[in-house]
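Comments concern the structure below.
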Amino acid sequence: MLRNRRSELLAAFVLILPFVVIYGWMFVYPTIQMVRLSFTDAPLIGEGKYVGFKNYVRMFKDPVFRKAVWNTAYFVALTVVPGTAVALLIALMVSRLKGWLQSVILAAFFLPYILPVTVVYVIWDWMTNVQFGMLQGAIEWVAGRPVNVWRTIPWFMPGVAVITIWWTNGFSILLFLAGLRNIPAELYEAAQLDGATRWQMFTRVTWPLIWPVTVLCLTIQLILQLKIFDQVYLFAVGGRTQATMVLVQYIYEQAFQKNAGGYSATIALALFVIVVTFSVLQFQILRIRGQR
Amino acid sequence: MKRLLGASAVLALAISMAEAKETVVWWDFLGGGDGVRMKTLIEEFNKEHADTIEIQATTLDWGVPFYSKVQATAAVGEGPDMMTYHASRIPLAVSQGTLAEITPEDMAAMGLSAANFAPATWDAVQVDGKQYAVPFDTHPIVLYYNKDLLEKSGLIGADGLPAGLDGLDNFNAALKKLKDDGNEWGIVQVTADGGFAFRTIYSLLCQQNGEIGTDGNWFPGDSQEKLANAVGVISNWVAEGYNPSYTDYPSTVALFTSGKSPFMINGVWEVPTMDDLNKQGKLFNWGAIELPVLFDRPCTYADSHAFAIPANAGKEVSPEKHAAVLEVIKWMEANSLFWATAGHIPANVAVTETAEYKAMQPQATYAKLTANSVFDPKSVNAGVASPLFDAAGNAFTAAINGETDPATAVAEMKAALDALQQ
């Protein structure tokens, strides 16, 4: 018995070894390096000298860092819950369709998800172009004049949020659809026999049963959107990068453009802490609510 | 079996021939019309050196990605054998130890010296008395014009060139006239990107004898006021409706080529676009001239595409390879007349003095501005896609579109630059 367990342990160890090695090499080691780097004045490449907490002091006094935290939080607020709600709505509608029609509509919603971010950028940049954009008619109707969405600060974040939801929604819709398909039809039949209304069926049957999927969607979205970079970078390039700065972009700018590897690592560590804290917190809170 | 032997013999022969031939790994960032022309030059070189040298060229993404990649690869000895480089980025590269020095012996081996280049262009590739690149061209901004529309408004002189544009008042009067004569705009330039507009603004700052200064001493003397003046010129054009607001790069070119604006301020690199449209019969009579003197003296922003050799850490370059790289640069310099079709002004003075170049229009018309060009200040924070450009983008996008006033924008830019010295 004892020998048996030992060989099992050995097998287990051999099986997880590749993962542990890669995890340690690709994640744990860089993370330790990042922490170490944040106490130096290192450039992008090469060693720097130890400067203690100087980078941290600078970070807490840095107005651009504060702006980046604010913009990132604002973007998360604009996308995570609204995006998930829209996805659920679309999934509920698509699940009512049958056969090829369902496939076609689902494909239409999923297609943007497969586009690379640069293509998304080019499409929307042209659609919103201040001289030639198709959407300027609608924008003029709302604002009373043509607006350069990507250079007008109040328009920028909501603009990027709408595009991001349009772009990334397909994945959440698929998750919700899978969740909805897992709900046994008998439950609805039973509810119907008991005379439940459609709203009661949603709140008493559908909603509790897809709550785990919702938690998953929200968590994935939260982590993804805290790390927002590509869209903001592309739409703001050459323009007002400081007013529209988000955290990952600030890390990139400090490291690659300003050659400040140490300070960049400090901001990266701040983002790391924020992502870990919020995703763990959110997942736990939502899970507890679900178990109630 | 026999066939196999034969095949391996051919293979062995091919390998031994390949070994005799030097390969030069080349990186550039020329993705536009100039990239097509550069590829022609490279093909031509490879054809002429079929037995001795082969350039293996790769085109990478312009700007920060290119420079980060060069820095990262050179640091671990994996950089190319040679590459194109913006002169304005050389001070930063030298501070990072990315570039190998071009020695006087190298220059002698190529048969080149300071006398072959315009003084400002030559100076731009030197740091602390050492040379780090060989200039290939000078690429300033110029004033493109629609001759048909200017003629209608009586703004073409007896020499066939735009007239009556010197001095700010005259220039503004000309823009007003063009607008009154029914043109949608008077002038178009990139206004959605203050970093791009900075090229015009810097020219106008220099025209007032103002300076950007350098690290720790940005905008010395009364340069801050002069810079605000320069910003004011453009924000005034936007406010008066002469120049469209928040206009991005592609729209700028589209507004000019579709005849909606008789003037465009843009880099010489748009010359191929005009040339190609013209050949297809899709363009009006057009030309390009040096920026008019709106203030005290002629002065235009310029940068230079140069050839540089990365300091590949821990990788010794064989004398043969080094000689091959020098041969490539020498050949490119000697054959840069074709590069002029990309709009750029060849850096090699001997080329711009040939009869062929002097017959090339509009290149020959604006070539004289190399005598009046101003480059970025020598700072690790200046150059294309640098913190200086970034600060300009943040401050001037708001100012030229009327969201803040020029003086505030300039103060904001100075504060951003001063913060770099922390």
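Naming convention: chains lettered A, B, ... in sequence-line order (proteins, then strands); numbering from 1 in each chain.
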Top of B:Asp390, B:Asn401, B:Leu255 for chain A proximity - count of heavy-atom pairs under 4.5 angstrom: B:Asp390
Close approach to chain A in residues 184-199 of chain B, criterion heavy atom under 4.5 Å: B:Ala192, B:Asp193, B:Gly194, B:Gly195
Interatomic spacing from CD1 in A:Ile45 to CD in B:Gln71 - rounded to 0.5 Å: 4.0 Å
Heavy-atom contact with chain A under 4.5 Å, split by part of B:Ala398: both
Residue B:Lys378 excluded, over 12 heavy atoms near NZ under 6.0 Å: yes
Atom CZ of A:Phe171: over 12 foreign heavy atoms under 6.0 Å: no
Among B:Ser95, B:Pro387, B:Gly97, residue most engaged with chain A (heavy-atom pairs, under 4.5 Å): B:Pro387
Interface residue of largest heavy-atom contact number with chain A, from B:Asn381, B:Thr247, B:Val380, under 4.5 Å: B:Thr247
Flag if over 12 foreign heavy atoms under 6.0 Å of OH, B:Tyr249: yes
Proximity breakdown for B:Ser245 and chain A, heavy-atom pairs closer than 4.5 Å: backbone
Proximal to chain B - members of residues 130-159 of chain A, heavy-atom separation under 4.5 Å: A:Val130, A:Gln131, A:Phe132, A:Asn148, A:Arg151
Contacts with chain B made by residues 110-127 of chain A (heavy-atom distance under 4.5 Å), listed by residue number: A:Asp125, A:Trp126
Enclosure of A:Lys227 NZ (heavy-atom neighbours >12, cutoff 6.0 Å): no
Separation between CD of A:Gln242 and OG1 of B:Thr397, rounded to the nearest 0.5 Å: 11.5 Å
Per-residue contact mode, B:Ser251 against chain A (heavy atom under 4.5 angstrom): both
Inter-chain contacts: residues 246-261 of chain A against chain B, heavy atoms under 4.5 Å: A:Tyr252, A:Glu253, A:Phe256, A:Gln257, A:Lys258, A:Asn259
